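Nothing here was measured: the structure is a model prediction, and the numbers come from that model.
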Amino acid sequence: MCNLSHSIESINVTDNEKFTHPIVLVKGVIVNRCEAGELKLQIDNCDWPASKDVRFINDKRGQFKVIFRLNNGVNRVSLVYCHHEMEINLFFEASENPYSVTPLYIICEGHDGRYQSDTEENDVENACRKISLGIELVQSLYAEKLSEKGWGRKTFTISSTCLPFHSLLLIEESKQMSDQQLWNYFAKEILQSDLFLSEKQKFIGFISSTYYEGISDNDFSYENIKRRTTGNAALGGGGLALFGTGCLYTWPSKLEDIVPAFLNTALVDRTLMMDDSNYRHTYGGCYATTIGSVCHEMGHIFDLGHTKDGIMGAGLDHINRVFTLITNTEDLPDRIVGRHAPTRKSMNSKLTQIKRPGEFLRKYQQQKESDVTFFADNCVITLQLHKWFNCGISTGDNNCDTRISFNFVTRHVTSVNSTLKLIELRDKEDGMLKIYWSFLDSDTECFQIPEEIQLEGLTLFVIDNFGNILKQDL
């Protein structure tokens, strides 16, 4: 044992903090480290399997992130380094919000349920374990990102572990269908099934029969990979977010494997396995991009539109940086928001877009110092008011007089028995935010959209203090 005086400082959780989601990310700093020091985690005096990522910045200061699962009730969490121990009590109680999300593993008629993989461990049970863990990780990310914006750890409720859903759609027919056609079919089928009990349910489905036929012509562009793949949807809206399983082989099934999965630099054999990594070509890149896609599309079922930056924009590829201490800046291709496909550009074309000399350096430094993963401010406002993120508040469900309306002639947005909190105008074609107005610190019941704004081709989105929503094409 050394003679140094150590300390462990948590920077994102506090003693006696309450959680409604089981997977917790603790970020902190080890001050005055020693050569033999090792970070250990205990819960209620028992060693606990957890994902750990410890990076030492210099000889005396180190950053760490630990991901672990809480038990129901009070958890006495101890972080031990050398002879120093930091203890915090964290309380977990699952949310009882009736507005919930149910994950499904969709198996088409004639398919055995085994997803495409480079191992034999690809059966239905394994797939459901991976999906259940992945959705819990997304649940934790939403809570963390709202907390960073000052709204507390609000997040959505998961109704159950991932359930197999046997569709009547023939596997051969599904191979001929577009993303939108698959979404339309499965959304209707789920709504007509015994799983759908009320309007307070939303679903996230993963298609087991996604198939990548491989590439032999050395054209590994995203567009060509997409052409060679069937059943690999990434589409969210209404009550369903739908995904393929083309990269499920890169997802972990155990919590302690999350960080190693993100850090996995093994190259994908793109002649045999699907590579959806935004041109990183690694297992870890595929995991980061596809779990980021889940975050993005789930945002759509929570009524979020597109934004230029952030999770609902071009920033869905960096989820790995939330849960790890990766500090290298990844210069990834730009994304076409609304289609999510990365577009490769030459270095020269990128340089011609830099109009301010200091902008590139500012962005580079910002990426080094943060996880570059966030929800834009307007999205955060929607989430913290949304019924799927609020348990125990009056939502106006039983008040039939609570309503929001828009008058095309006077251009007034009006609420009755509630107050307006956010008004957005989005492009009708791709859902991209054009402009928004927020009223968090006022009791606004009526707002007139300025006359100089051309409304044709736009969609109006409004949310009130009860989480009631008006969405209307103009």
Side-chain angles (χ1 to χ4, degrees), residues 177-188 191 199 202-204 223 226 233-243 292-316 334-343 375-383 385-388 403-415 418 420-439 444 446-464 467-474:
M177 297 170 73
S178 67
D179 292 6
Q180 187 64 59
Q181 289 171 328
L182 288 168
W183 188 96
N184 291 340
Y185 185 95
F186 291 131
K188 181 178 179 180
L191 288 177
E199 295 293 332
K202 291 181 183 291
F203 297 88
I204 173 167
E223 294 78 11
K226 183 74 173 175
L235 205 59
L240 174 66
L242 184 66
F243 303 91
S293 179
V294 172
C295 291
H296 180 103
E297 298 302 339
M298 288 191 72
H300 287 317
I301 68 173
F302 300 133
D303 300 291
L304 302 184
H306 286 132
T307 55
K308 180 180 177 181
D309 299 310
I311 293 170
M312 299 311 297
L316 62 84
D334 295 336
R335 283 190 170 272
I336 303 173
V337 180
R339 211 169 56 194
H340 314 321
T343 302
F375 287 103
D377 289 345
N378 60 301
C379 293
V380 171
I381 294 171
T382 296
L383 291 175
L385 290 167
H386 204 278
K387 294 180 181 181
W388 264 257
R403 61 184 182 274
I404 308 170
S405 61
F406 176 67
N407 188 309
F408 281 87
V409 177
T410 66
R411 301 167 69 98
H412 281 94
V413 180
T414 306
S415 62
S418 66
L420 302 172
K421 291 303 173 186
L422 178 71
I423 297 174
E424 294 181 2
L425 291 176
R426 304 172 182 172
D427 188 286
K428 188 189 303 184
E429 188 69 25
D430 61 12
M432 176 62 72
L433 176 72
K434 294 298 184 182
I435 191 173
Y436 76 92
W437 301 268
S438 61
F439 316 95
T444 303
C446 185
F447 177 79
Q448 184 178 33
I449 296 177
E451 291 287 344
E452 61 268 21
I453 296 178
Q454 173 61 252
L455 299 181
E456 185 178 354
L458 300 181
T459 296
L460 173 70
F461 173 85
V462 187
I463 189 167
D464 69 11
N468 298 311
I469 288 173
L470 171 67
K471 196 181 295 184
Q472 188 170 335
D473 290 338
L474 302 178

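Note that the NE2 atom of His306 and the CG atom of Asp427 stand 11.0 Å from one another [nearest 0.5 Å]. Of the inter-residue distances, the one linking Asn184 atom CG with Leu240 atom CG reads 10.0 Å to the nearest 0.5 angstrom. Here Arg426 contributes atom CZ and Leu458 contributes atom CG; the two are 11.5 Å apart, rounded to the nearest 0.5 Å. Rounding to the nearest 0.5 Å gives a distance of 9.5 Å between SG of Cys379 and OH of Tyr436. Between the CD1 atom in Ile381 and the CG atom in Leu304 there is a gap of 11.5 Å [rounded to 0.5 Å].
Side-chain atoms of His412 do not come within 3.5 Å of backbone N or O of Cys446 as any donor-acceptor pair. In terms of modelled atom types and a separation under 3.5 Å, the side chain of Trp183 and the main chain of Ala233 share no donor-acceptor contact. Put simply, the side chain of Lys421 gets close to the backbone of Phe439: a donor and an acceptor are under 3.5 Å apart. Glu297 places no side-chain N or O within donor-acceptor distance of the main-chain N or O of Leu242, the cut-off being under 3.5 Å. In this structure a side-chain-to-backbone donor-acceptor pair under 3.5 Å is present from His386 to Trp388.
His296 is listed as a side-chain neighbour of Met312, based on a closest heavy-atom distance under 4.5 Å. Using a 4.5 Å cut-off on side-chain heavy atoms (C-beta onward), Thr382 and Phe302 make no contact. No side-chain heavy atom of Phe375 sits under 4.5 Å from any side-chain heavy atom of Thr307. Looking at heavy atoms from C-beta onward, Arg411 lies in side-chain contact with Leu455 at the 4.5 angstrom threshold. Put simply, the side chain of Leu420 reaches to within 4.5 Å of the side chain of Val462, judged on heavy atoms. Looking only at side-chain heavy atoms (C-beta outward), Glu424 and Lys434 stay at 4.5 Å or farther from each other. Counting heavy atoms from C-beta on, the side chains of Phe406 and Ile449 come closer than 4.5 Å. Side-chain atoms of Phe203 and Phe186, non-hydrogen and from C-beta on, never get closer than 4.5 Å to each other.
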Could you walk me through whether Lys226 and Asp179 pass the side-chain contact (heavy atoms from CB on, under 4.5 Å) test, one step at a time? CA-CA 11 Å; Lys226 183 74 173 175; Asp179 292 6; 3.1 Å; yes
Begin from the C-alpha positions of Gln180 and Leu235 and carry the test side-chain contact (heavy atoms from CB on, under 4.5 Å) through to its verdict. CA-CA 8 Å; Gln180 187 64 59; Leu235 205 59; 3.5 Å; yes
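Considering Asn378, Ile463, Leu460, Ile404 as possible partners of Ile423, the one that fulfils the side chain to side chain contact (heavy atoms under 4.5 Å, CB included) test is Leu460.
Heavy atoms only, all atoms of each residue included: Ile301 and Gly237 are closest at CG2-N, 3.5 Å. When all heavy atoms are compared, the tightest approach of Lys428 to Leu474 is NZ-O, 3.4 Å. Nearest heavy atoms, Gln448 versus Glu451: NE2-OE2, 4.1 Å.
Atom CD of Glu452 sits in a crowded spot, with more than 12 heavy atoms from other residues, nucleotides or ligands closer than 6.0 Å. With a 6.0 Å radius and a threshold of 12 heavy atoms from other residues, nucleotides or ligands, Lys188 has its NZ atom at or below the threshold.
For Ile435, the side-chain contact (heavy atoms from CB on, under 4.5 Å) criterion is met by Leu425, Trp437, Ile453, not counting sequence neighbours.
For Lys387 and Asp303, the salt-bridge test fails: no basic side-chain N is under 4.0 Å from an acidic carboxylate O.
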